[in-house]
Every structure is written in structure tokens, then in C-alpha cells.
4 protein chains.
Amino acid sequence: MNDRSPTATLIADTGRGNEAAILNAALEAFGEKGFNGASMRDVARGAGTSLSNLYNYFPSKSHLLAEVLRRANDELYSRTRTAVEQAGDAAAARLRDAVRAYVGFVVDFQTAALVAISEIRYLDGDERERVVAARDSTQAIFEQIVAAGAGNGEFRTPYPADAARSIVSMCSAVSTWYRPGGRLSRGQLAEQHARYALALVEAPLAGLA
Amino acid sequence: MNDRSPTATLIADTGRGNEAAILNAALEAFGEKGFNGASMRDVARGAGTSLSNLYNYFPSKSHLLAEVLRRANDELYSRTRTAVEQAGDAAAARLRDAVRAYVGFVVDFQTAALVAISEIRYLDGDERERVVAARDSTQAIFEQIVAAGAGNGEFRTPYPADAARSIVSMCSAVSTWYRPGGRLSRGQLAEQHARYALALVEAPLAGLA
Amino acid sequence: MNDRSPTATLIADTGRGNEAAILNAALEAFGEKGFNGASMRDVARGAGTSLSNLYNYFPSKSHLLAEVLRRANDELYSRTRTAVEQAGDAAAARLRDAVRAYVGFVVDFQTAALVAISEIRYLDGDERERVVAARDSTQAIFEQIVAAGAGNGEFRTPYPADAARSIVSMCSAVSTWYRPGGRLSRGQLAEQHARYALALVEAPLAGLA
Amino acid sequence: MNDRSPTATLIADTGRGNEAAILNAALEAFGEKGFNGASMRDVARGAGTSLSNLYNYFPSKSHLLAEVLRRANDELYSRTRTAVEQAGDAAAARLRDAVRAYVGFVVDFQTAALVAISEIRYLDGDERERVVAARDSTQAIFEQIVAAGAGNGEFRTPYPADAARSIVSMCSAVSTWYRPGGRLSRGQLAEQHARYALALVEAPLAGLA
DNA sequence: TATGAATGAGATTTCATTCAT
DNA sequence: CATGAATGAAATCTCATTCAT
């Protein structure tokens with residue numbers, strides 16, 4: 001398991017001038033001050049460009065948020081799904097690796113994860129629906145695993161339909177308090193949460209690492 | 001177990017003119033639009049008074065938020081502690097009742113719970129410290145229970161120092177998605193989360209309801 | 001010549017409840033922050049009473065200013081006139097004693113003197129006219145002395161019609177920089193300005209102390 | 001001696017959009033209503049631009065005042081120093097020309113001179129210190145002349161260390177009452193005050209024009 | 001693309017003043 | 001006389017956004 005430091009920025013160069021710098025600056029600004037607390041001037045300053053130039057890339061502040069959230073959720077979904085696909089057939093292993101991937105993302109891209117949970121409420125209309133759908137896809141991965149595990153007896157939880165949501169809540173909440181360099185490393189956090197998740201769905205102890 | 005409906009408003013009449021109305025309106029406004037998204041005009045409108053009159057009660061928007069958060073955290077702490085005190089000596093029973101009380105509060109005062117987790121970041125200085133301390137006191141209740149249970153063998157989790165935080169995260173996250181009239185009742189939510197918590201700390205199945 | 005410290009407050013108890021306290025608080029507030037910079041709340045705080053109670057004594061902020069200015073100018077006029085009346089017939093002695101009295105007032109009631117020159121511009125209408133008239137009466141004392149001295153040859157200034165204004169300007173400006181406990185005492189300031197005044201109107205040196 | 005009319009506006013076009021218009025409007029507004037009595041709306045109206053656009057040029061009302069005061073004091077200092085440098089070595093001639101230049105400035109830029117004396121009190125911190133230093137530099141010119149004249153016997157005043165302040169007070173007070181088109185012309189005012197100053201420091205009559 | 005200048009709307013907060021008690 | 005509560009207007013300043021260049 002890779003315990004390396006994050007790639008630091010979620011959004012890599014997009015090949016379109018300042019676009020990546022703007023998105024990363026928006027991410028930082030929204031993370032630090034919240035969507036409504038951050039101003040377009042903050043974003044411009046962080047991106048090292050002018051206020052008016054932002055509008056050459058994104059038609060509005062809302063679109064900026066939407067794009068940031070879309071990328072964060074896509075990356076989270078993609079990492080989680082890849083991890084599950086490579087985990088074999090056992091529900092316990094799949095849940096363990098899903099949680100590891102999820103928590104790993106939260107640690108690697110803490111700000112992105114924080115923004116993804118806390119600022120989605122400021123989206124409206126179509127933008128919102130698209131992002132909500134992406135978030136729900138990720139949660140659905142966990143729900144399917146838990147349902148499968150409950151179905152084949154691996155998990156004995158009496159609440160297979162609801163447990164996944166609590167697992168996801170628990171994992172994403174890491175973004176609200178995690179600080180790099182703290183007592184717990186990326187790997188430890190992943191392991192702990194994997195165990196919490198398996199215990200929560202009442203997988204037999206033998207299934208625990 | 002009491003399954004009654006909430007008392008509806010967290011802040012009861014204080015006997016001081018519009019104070020309670022203002023606090024409740026602030027709670028609603030912050031809950032709906034976030035601290036920075038809600039304006040003092042929104043609060044005034046909700047309280048049925050004039051914008052400038054707000055300042056006869058609270059010297060600033062920040063103080064208003066601080067007071068709302070203080071009351072929400074105090075009530076949550078008080079409910080949780082009372083529940084634990086009446087739960088007997090067994091760690092499992094204490095944890096179960098703490099979770100029930102906590103989730104009960106979240107359901108009863110969903111908005112207050114939501115604001116308490118999501119808007120605390122907009123406080124500064126002393127106000128922030130006081131509210132953070134109140135929040136930490138509540139979490140400490142859970143930490144002590146888990147530590148005690150781990151100490152006497154009731155809980156087998158290898159992470160007794162960290163599990164409590166995940167339990168609290170999981171419980172407070174209910175405020176972000178719960179809707180009255182949904183599939184799960186107040187009592188069901190409390191029971192489910194109590195079981196999640198006991199499973200998470202790896203209490204033997206016999207301890208589960 | 002009396003070199004005592006000031007009586008500290010220009011406005012003595014008026015026998016009408018809080019009136020004197022309010023006037024003195026207004027004087028301090030206007031002196032410190034200017035008429036527009038000081039609020040009625042500042043005045044109330046300084047007077048140790050409630051905001052609304054101010055309006056039981058004075059119908060508006062402007063009236064408060066007018067009353068403060070009226071009292072300051074009346075006292076200044078009265079002191080100056082008394083000094084001149086007791087000074088004998090010689091223009092030089094009359095001018096010397098007028099200046100001594102004027103500067104003495106400025107030192108004793110620095111704030112009042114400062115407010116009297118700098119805040120009169122914020123009065124309107126009748127209030128303004130009354131205060132301006134009081135101020136002009138004081139200046140007229142100096143003009144008459146200079147005119148008399150120029151008429152009888154005591155003063156040789158070629159500008160007898162204008163010199164008095166400069167003398168008064170010079171004396172009242174003391175209020176803008178004087179600090180109790182500074183290098184120059186009340187008596188020294190009075191003497192210096194008396195000599196400046198006599199020199200300015202070109203009284204022969206023999207007439208100087 | 002030049003008796004021409006003023007250049008009308010202290011602040012000439014700076015080549016930066018509306019900057020000069022804003023500074024001149026601020027000068028007028030502060031002169032008419034005082035710093036606290038004038039609103040940023042007044043300034044915007046006077047400058048022919050929008051309220052919010054003011055903040056593209058100056059970050060706050062205080063900065064606007066500071067800049068206005070800085071320019072006024074710089075110009076006054078520069079004019080006075082230039083006059084003295086061209087006046088030869090005799091203290092009497094230097095004092096005479098310094099006063100002429102000072103009073104000339106007051107007449108030419110009456111509003112600027114008025115604001116410079118009366119509104120400096122509303123500055124704080126560094127802004128204040130810088131402007132106070134500029135004002136003191138101008139006064140120091142007069143102090144040096146008087147000290148020199150007292151040293152070489154040209155002036156017989158017993159108060160060489162203090163007389164300069166009174167001279168400056170007297171000259172700057174002209175800004176509080178001068179009205180163009182009044183009885184006294186620019187040149188007459190300059191001459192009168194030059195003579196007052198020389199008399200005040202007790203220069204022998206032979207030295208007077 | 002990129003920018004500086006511009007703007008109308010709206011933010012929080014303070015104001016002088018009034019009123020019921 | 002005295003007060004706390006209330007209010008409409010206006011204060012300074014920031015906002016997202018637009019436009020001419």
C-alpha cells in the first residue's frame with residue numbers, strides 16, 4: 001500500500017492557459033472561506049491572474065464551484081471504483097479496499113474532499129444534479145458491496161440498506177479534522193477506517209486484518 | 001424509548017423581547033443558506049423585526065452565530081451527559097444511550113445540529129474557542145466511554161483512542177440528510193446508530209439488542 | 001496674576017438633574033471626535049445616562065452643540081470684557097489684559113476653546129447666528145482696542161482694521177496644541193501672547209513688559 | 001510680486017483615469033462638510049463617478065483624506081521652501097518671503113489649506129504621522145528663520161523658540177475666513193501678514209517695507 | 001487571452017430619533 | 001425624568017459581473 005504524500009493539487013494542467021491555476025485557486029479559496037465567504041477576487045489573487053480574466057474561463061462563480069466539485073467527485077469515484085474492481089470477489093475485501101481508497105483520497109486531497117462535502121449545498125439546478133449524481137454513484141459502490149455482503153452472509157448487520165451511508169459519512173468526515181503531520185499517518189487512517197467499516201457491518205472478526 | 005416529535009424550536013422564549021425569535025431566525029437562516037449566504041436582513045425578516053433592531057440584542061453577526069452555536073452545543077452536551085449518567089455502569093449500555101441521545105438530538109433539532117457542525121468554522125477568536133470547547137466536551141463523553149469499555153474488555157477495538165471520533169462523525173452526519181417523514185423514524189435512526197457504534201468498537205454480539 | 005489650574009469643567013451644575021453632565025459629556029465628545037464623529041451614544045455614555053434621556057434635556061444633537069458653544073463663547077466674552085474693563089484707559093494695557101484673559105481661558109478650558117473654533121461650522125440657521133454673534137462680540141473687543149490705540153498713536157500698525165483678527169486667531173490657536181504639563185505654563189503662555197500682540201500692533205517697545 | 005488668481009485646483013490630472021477628479025472632489029467635500037460630515041457618496045457625486053469606483057483608486061475614506069492632506073502639505077512646504085531659498089541671507093527678508101508664500105498658498109488653495117489644518121485630526125496611525133511630519137517640516141522653516149534672526153540680532157523677540165508657531169497659526173487661520181472678492185486682495189493679505197510677522201518677532205521698524 | 005476601470009446591488013453596521021412604559 | 005426597544009435612513013465598503021481595449 002502506497003503511503004506517499006499527495007500529489008498536492010487535484011487539478012493538473014489542463015493545457016488551457018490559466019485554467020488549472022484558477023480551479024486550484026478556487027478550491028483553496030472555497031476550502032478556506034467557504035463558497036460564499038470567498039470572493040472572485042480571492043480566486044484571482046490565488047491564481048495569479050486578474051479578476052476579469054476569470055470570466056474568460058468560467059461564466060460565473062457557480063460554474064467555478066460546479067467544475068471544482070465535478071472534478072473532485074469524479075476523481076473520488078474513479079479511485080474508489082478502481083480499488084473495488086481490483087479487490088476480488090469477497091465483500092469484505094471489497095469494502096476494505098473501497099474504504100482505503102476513499103480515506104486515501106480524503107488525506108491526499110483534503111481540501112477537495114472538504115469542499116466536496118460542505119459546499120455542494122451552494123449549487124443549484126442542473127449543476128447541482130450532476131454533482132449530486134456523481135456523489136451518489138460513489139456511495140452506491142458502498143451500498144452494493146454491503147448489500148452483497150449481507151446477501152451472502154459475510155456481513156451480519158441487520159441494516160444492510162443503511163449502513164453504507166454511515167460508513168461514507170465517517171470516512172468523509174476525516175476531511176474536517178485531518179492535519180498532515182498529525183499523530184495518524186495516511187496509512188494508519190486508512191487501516192483504522194477499513195476496520196471500523198468491517199466491524200460496523202458486523203463482518204466476523206476473522207475477516208479483520 | 002420516547003419517539004415523540006421535537007419541541008420544534010431549540011431556543012425557547014427568554015423573556016427578553018425578541019431575543020428568542022432572533023436566535024431562532026438566525027438558526028433557520030444559517031441552516032438554509034449558510035453563515036455567509038444568510039444576511040442580517042434574512043434574520044430580521046425571519047424574526048419579524050427590523051434590521052437595525054437586531055443590533056440591540058447582538059453586537060454583530062458573528063456574535064449571533066456564536067450564541068446560536070453555544071446554545072446548540074450546550075443542549076447537545078447536556079442531553080448526552082444526562083443519558084450517560086442514567087445508563088448504569090456498563091460501557092456498552094452507556095455508549096448505546098449516548099448515541100441514542102445524540103441521534104435523538106440531531107433528529108429533534110436537525111437544523112441546529114447541521115449548523116453546529118457546518119458553521120463553526122466561521123467563528124473566530126474567543127467565540128470560536130468557547131464553542132470548540134463545548135463541542136469537544138461532548139466528544140470527550142464518547143471517548144471516555146470507549147476508553148473504559150476497552151479497558152475492561154467490553155470493547156475489543158484496537159483503536160480505542162480514535163473510534164469515538166468516528167462514532168460522533170457518523171451520528172452528526174445524520175443532520176445532513178435526515179428529512180422528517182422519511183423512511184426511517186427517529187427511534188429507528190437511534191437504534192441503528194447505537195448498533196453501528198457498538199459494532200464499530202467491537203462489542204461482542206451478545207451486547208447488541 | 002492667577003496661575004492656578006483650571007476649574008476643569010466649563011459647565012457647572014445647573015440644578016437641573018443631568019443637564020451639566022450631559023453638556024460636559026457633549027463637550028468632551030465633540031472635542032475628541034468632532035461633532036459629526038461623536039454620536040449621541042458617546043454623549044450618553046460620557047454623561048452616565050441613557051441615550052433616550054438626552055432628549056429630555058435637548059431636542060437634538062444640534063441643539064446640544066449650540067448650547068455648548070453658547071456657554072463657551074459667553075464665558076470667553078465675559079472674561080475678556082471684565083479683564084478689559086479693569087485694565088484702565090491705556091490701549092496697550094487693555095490689549096495686554098485682553099490677551100491674557102483670552103489665552104487664560106483657552107488654557108483653562110482647552111476643550112471648550114477647541115470646540116468653539118472648530119465645530120461652529122456645523123451649526124445652522126438661528127443657532128449659528130447667535131453663536132457667531134457671540135464670537136464676533138469677543139473679537140470686537142480686540143478691534144476696538146486696536147482702533148483706539150491706533151487712533152491715539154499708541155499703536156503704529158498700518159493695518160489697524162485687520163490686526164485684531166490675527167491676534168485673536170493666534171490666541172485661539174493655542175487650543176489646538178496646548179497640553180497641560182508641557183514646557184510652557186499658563187502664565188508664560190499668557191505673557192508671551194500679550195507681548196506678541198503688542199508687538200504685532202507695533203506698540204513702542206517701552207510699552208512692553 | 002505675482003497677484004494672479006489661483007490655479008484653481010490643487011491636484012492636477014495624474015494621467016490615471018479619475019484619480020485627480022476624485023481627489024479634488026474629496027477636497028471640496030471635506031472642506032464643505034468636514035471629514036465625518038462628508039460621505040463617500042458626496043465625493044463620488046463631485047467626481048462624477050460611481051460610489052464603488054472610488055474604491056478602485058483609494059482603499060478607504062481615510063486613505064483618501066491622507067492623500068489629500070499629503071498633497072496639500074507637500075505643496076505648501078515646497079512653495080515656502082522655494083521662497084525662502086530665493087530670499088537671500090537676511091532673516092527679515094527670509095521671514096517676509098516665507099510668510100508671503102504661505103499666505104499666498106492659503107489664498108490660492110483656500111479649501112486645501114482649511115482642510116489641512118482642520119481635518120488632520122481625523123487621521124490615525126502611520127497616515128497621521130506622515131502628514132504631521134510634513135506639516136512640522138513647514139513650521140520648522142519658520143522656526144529656523146526666527147532662530148537665526150534672533151541669533152544675529154535682527155529679531156529682538158524674547159521668545160524666539162515660540163514665536164514661529166504663532167506666526168504660522170496666524171497665517172493658516174486666514175483659510176478660515178478668507179473669501180475671494182473680499183475687501184483684501186491676495187497681495188494685500190500677503191503684505192499685511194508679512195508685516196505682522198516681522199513686528200511680532202520685533203524686527204526694527206527700518207526692516208519693514 | 002488578458003486587463004483596468006466601471007457599476008448596481010447589496011453586505012454589515014451605526015445613526016439620530018421616537019415611543020411606550 | 002428615565003429607560004429599553006424599536007426604526008428608517010444612511011454610512012462605509014465589498015460583491016459578482018461587464019465592457020472597452
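Between C:Arg16 and F:dC1 there is a side-chain polar atom (N or O) within less than 4.0 angstrom of OP1 or OP2. Remark: C:Asn53 is in phosphate contact with F:dT3, judged by side-chain N or O atoms under 4.0 Å from OP1 or OP2. Proximity of D:Thr49 to the phosphate of E:dT7: a side-chain N or O atom is located under 4.0 Å from OP1 or OP2. Using a 4.0 Å cut-off, no side-chain N or O of D:Tyr57 falls inside it from OP1 or OP2 of E:dG4.
A salt bridge links C:Asp42 with C:Arg45; the closest basic N to acidic carboxylate O contact falls under 4.0 Å. A salt bridge is defined here as a Lys NZ or Arg NE, NH1 or NH2 lying under 4.0 Å from an Asp or Glu carboxylate O, and C:Asp126 with C:Arg130 fails to meet this definition. Using a cutoff of 4.0 Å between basic side-chain nitrogens and carboxylate oxygens, A:Arg71 and A:Glu75 are not scored as salt-bridged.
Side chain of B:Asn53 to main chain of B:Thr49: no donor-acceptor pair is present (N/O by atom type, distance under 3.5 Å, no hydrogens or angles).
The OH-C1' distance, from C:Tyr122 to E:dA16, rounds to 17 Å in whole Å. Whole-Å rounding puts the B:Glu19 CD to F:dA5 C1' distance at 13 Å. Atom-to-atom, CG of D:Leu54 to C1' of F:dC15 comes out at 16 Å; the value is rounded to the nearest Å. Note: CG (C:Asn36) to C1' (E:dC15) measures 11 Å, nearest angstrom. Rounded to whole Å, atom C1' of F:dA2 lies 16 Å from atom CZ of C:Phe58. Atom P of nucleotide E:dA6 and atom CE of A:Met40 are separated by 21 Å, given to the nearest angstrom. Distance NE2 (D:His63) to C1' (F:dT12): 14 Å, rounded to an integer number of Å. Atom CG in D:Leu51 sits roughly 15 Å away from atom P in F:dC15 (whole-Å rounding).
Side chain of C:Ser52, nearest nucleotide from E:dT7, E:dA16, F:dA5: F:dA5. Closest to the side chain of C:Asn18, from the set E:dT3, F:dA2, F:dA5, is F:dA2. Among E:dT17, F:dA6, F:dA11, the nucleotide with an atom closest to any side-chain atom of C:Tyr55 is E:dT17.
The nearest heavy atom of DNA chain E to B:Ser62 and to C:Ser62 marks one nucleotide each, and the one closer to the 5' end goes with B:Ser62. With DNA chain F read from its 5' end, the first of the two nearest nucleotides for C:Ser50 and A:Gly37 is the one closest to C:Ser50. Nearer to the 5' terminus of DNA chain F, by closest-nucleotide assignment, is the contact made by C:Asn56 (compared with the other of C:Asn56 and B:Gly48). Projected onto DNA chain E by closest heavy-atom contact, D:Arg41 and C:Lys61 fall at different nucleotides, the more 5' of which corresponds to D:Arg41.
Under the 30°/60° scheme for interplanar angles, the aromatic rings of A:Phe35 and A:Phe30 are found to stand perpendicular.
Pair assignment for E:dT21: F:dA2, on the basis of Watson-Crick or G-U wobble contacts that are both within less than 3.5 Å.
Residue contacts shown for A:Ser39 are limited to sugar-phosphate atoms, with no base heavy atom under 4.0 Å away. Across all strands shown, D:Ala44 has no heavy atoms under 4.0 Å from either base or sugar-phosphate atoms.
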Salt bridge (charged side-chain N to carboxylate O under 4.0 Å, His left out) assessment of B:Glu119 paired with A:Arg121: CA-CA 13 Å; B:Glu119 311 301 321; A:Arg121 59 198 295 228; 3.0 Å; yes
